[in-house]
Amino acid sequence: MTSSAATAVRDKDGLSALVCGRCVTWYPVGIDITEEAAALHDELADRLRREKQKETER
């Protein structure tokens, strides 16, 4: 038996799903969790970029 979790792969940012879409279909409140995760990732990346820029300006 193979599932997304079983066949997920590791990349430089951690664990990556295979984008099968099952989590979106079965998420109980109808939120596209993949979009939310991407937004959180982008927000964190922006925050880290700003912090690094501040450090280089000193």
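This chain uses plain numbering: 1 for the first residue, then up along the sequence. As the structure is a prediction and not an experimental result, all values here were calculated from the model.
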Linking Ile, Leu, Val, Met, Phe, Trp and Tyr through side-chain heavy atoms less than 4.5 Å apart, which residues share a cluster with Leu44? Leu48

Are Glu57 and Gln53 side-chain neighbours, meaning at least one heavy-atom pair lies under 4.5 Å? yes

Electrostatic pair Arg47:Glu51 at N-O distance under 4.0 angstrom: no

Can you tell me how far the CG atom of Leu40 sits from the CD atom of Glu35, to the nearest 0.5 Å? 12.0 Å

Just to verify, what does Arg50 make a salt bridge (charged side-chain N to carboxylate O under 4.0 Å, His left out) with, not counting sequence neighbours? none

List for me each residue that meets salt bridge (charged side-chain N to carboxylate O under 4.0 Å, His left out) alongside Asp42, sequence neighbours excluded, and say none if there are none. none

